[in-house]
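For reference, the structure is listed below as structure tokens.
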Amino acid sequence: MTRLSVEMLAADAVEPITSAGHAQLGIAVLAGIAVIVLLITKFKLHAFLALTIGSLALGAFAGAPLDKTITSFTTGLGSTVAGVGVLIALGAILGKLLADSGGADQIVDTILAKAGGRAMPWAMVLIASVIGLPLFFEVGIVLLIPVVLMVAKRGNYSLMRIGIPALAGLSVMHGLIPPHPGPLVAIDAVKANLGITLALGVLVAIPTVIVAGPLFSKVAARWVDVPAPDRMIPTRASEDLAKRPGFGATLTTMLLPVVLMLSKALVDIIIDDPTHMVQRVFDIIGSPLIALLAAVIVGMFTLGRAAGFTKDRLATTVEKSLAPIAGILLIVGAGGGFKGTLIDSGVGQMILDISKDWSIPALLLAWLIAVAIRLATGSATVATISAAGLVAPLAADMSTAHASLLVLAIGAGSLFFSHVNDAGFWLVKEYFGLNVGQTIKSWSVMETIISVVAGGLILLLSLVI
């Protein structure tokens, strides 16, 4: 019996917080999600508060005692933050080091110096994908916008021809590739293997970003023909530095955690013996915590010290990197609390029971649930967390590879059609100087292409592995 099966049996042995029937539980889920959607969209409430209130509403509609609902929520919140909180913090530190040291500028400038003409959109998608590995989506946009605008203006390129590939690279990384918060939470929820998920995520991400980036940018440039707005070109970090890190050192630092995690996955496949010394070593150095911690420590020297940072400046950089992620941690934690309430109320088992009679594949079901929550709330992270909680029981009888594909299906669905209730929509609109219609025809369509292409590739992969 697999570890997942044992855990599911253990979970089934725990008395649910309510013994409500499937009909009442279904109504409770819809009501809980409706409360979250209404609070976020209508009343503009912070997602943390909306998820907290929605979890309590779910328990109330399911007929559960309030004290048990609170316990389920706080337990889920605590376990989620314990699982991914440190990783999010380490990712934020690495991203801040990369930005403040001028390392990101070095990567960008080096690649752009080698590219030109028709190769430029491909260079932009490469830059965004590499930089997007350790950075949150919003941070990546802020970091890349100056580059996109300068390249478009100096090279006389269409803004969409340059901007769409960059946005596609960032968005695909955000939705499919750990250590971003969404994929990490989904991996934790369905108990998937991080290394396998990372490897399959890269496999899906490459063709997805090509279709949604350089290829779609040709169409987007015809639909939305606008110049780069001069007012949005800010000062780059490296302009205030006397020196900055080298290209090789920066790239090595950024890719270090990815290489370590992929190495662990490869060793696990080749050796497949938990008692073997080599596998035990790689299980340690390839764990997300150690891999990201190693990258941060290395980055302090290869990025920070290489840029001339003193010890005090390094300490300040680390300190400033942590403040902006407080909101992300709270949202992720509350999402975990909502997931815990869903599971403890028996919703997971309900979905498992109902889905047995459906002909719809589990991966497609996960994608559709994530799409629905994404369209309703506007948040890819909320969609990923909520969908992962709902479909987690479906992973019990899946192979390791298919559990990872379930994570990726959730991530793909969470990117579907960003519109006016998504902060990213307005961020792109303002930075690129677009109106709402132009943003929908470019950014929103691009997000939909990413979601559909990635979802289709995931389903195809499920047939061959």
Side-chain angles (χ1 to χ4, degrees), residues 90-116 119-136 139-140 142-148 150-151 162 165-166 169-170 172-173 177-180 195 198-199 201-202 205-206 209-210 213 236-267 282 285-286 288 290-311 313-314 317-318 321:
L90 290 172
I93 295 171
L94 183 59
K96 186 68 172 174
L97 282 170
L98 180 67
D100 286 4
S101 67
D105 289 342
Q106 181 72 299
I107 291 285
V108 167
D109 293 344
T110 302
I111 293 179
L112 292 184
K114 305 293 184 182
M120 192 59 72
W122 298 89
M124 292 307 303
V125 80
L126 177 61
I127 291 168
S129 299
V130 172
I131 288 181
L133 281 171
L135 296 177
F136 297 120
V139 178
V142 173
L143 194 63
L144 280 180
I145 286 302
V147 179
V148 170
M150 282 189 292
V151 169
I162 301 300
L170 288 175
V172 169
M173 294 296 113
I177 309 296
H180 290 279
L198 178 58
V202 171
I206 292 172
V209 81
I210 289 173
R236 299 201 304 168
S238 61
E239 292 181 4
D240 298 326
L241 299 171
K243 56 181 179 177
R244 61 186 188 183
F247 174 81
T250 303
L251 188 62
T252 300
T253 305
M254 291 169 62
L255 296 179
L256 178 60
V258 177
V259 171
L260 290 177
M261 287 187 280
L262 285 177
S263 297
K264 174 188 179 303
L266 187 62
V267 170
F282 275 89
I285 65 174
I290 298 301
L292 279 168
L293 181 61
V296 167
I297 294 173
V298 169
M300 289 183 177
F301 294 95
T302 59
L303 301 175
R305 298 310 292 270
F309 285 11
T310 62
K311 293 178 182 178
R313 176 70 186 275
L314 278 173
T317 297
V318 172
S321 71

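All values derive from a computational prediction rather than experimental measurement.
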Legend entry - Validation row: L97, L314 side chains within 4.5 angstrom (heavy atoms): yes
Residue list, side chain to side chain contact (heavy atoms under 4.5 Å, CB included) with [X], at least two apart or on another chain:
X: A291; result: P257, L260, M261
X: I177; result: L133, M173, L198, V202, A205
X: T252; result: none

Legend entry - Pairs flagged by salt bridge (charged side-chain N to carboxylate O under 4.0 Å, His left out) wherever residues 251-267 is involved - sequence neighbours left out: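 Listed once each, the pairs are K264-D268, K264-D283.
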Least distance between heavy atoms, [X] atom then [Y] atom:
X: M124; Y: I162; answer: CG-CG2, 3.6 Å
X: K96; Y: S321; answer: CB-CB, 3.4 Å
X: P121; Y: P165; answer: O-CB, 3.4 Å
X: V298; Y: L256; answer: CG2-CD2, 4.0 Å
X: A166; Y: A128; answer: O-CB, 3.1 Å

Legend entry - Residues which pass side-chain hydrogen bond (donor to acceptor under 3.5 Å, both in side chains) with T250, listed by chain and number, not counting sequence neighbours: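 side-chain hydrogen bond (donor to acceptor under 3.5 Å, both in side chains) list for T250, sorted by chain: empty.
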Inset, instruction - Using the side chain to side chain donor-acceptor pair (under 3.5 Å) rule, collect all pairs that involve residues 290-307, keeping only residues at least two apart or in two chains. - result: T253-T302
Legend entry - CZ on R244 to CG on D100, rounded to 0.5 Å: 14.0 Å
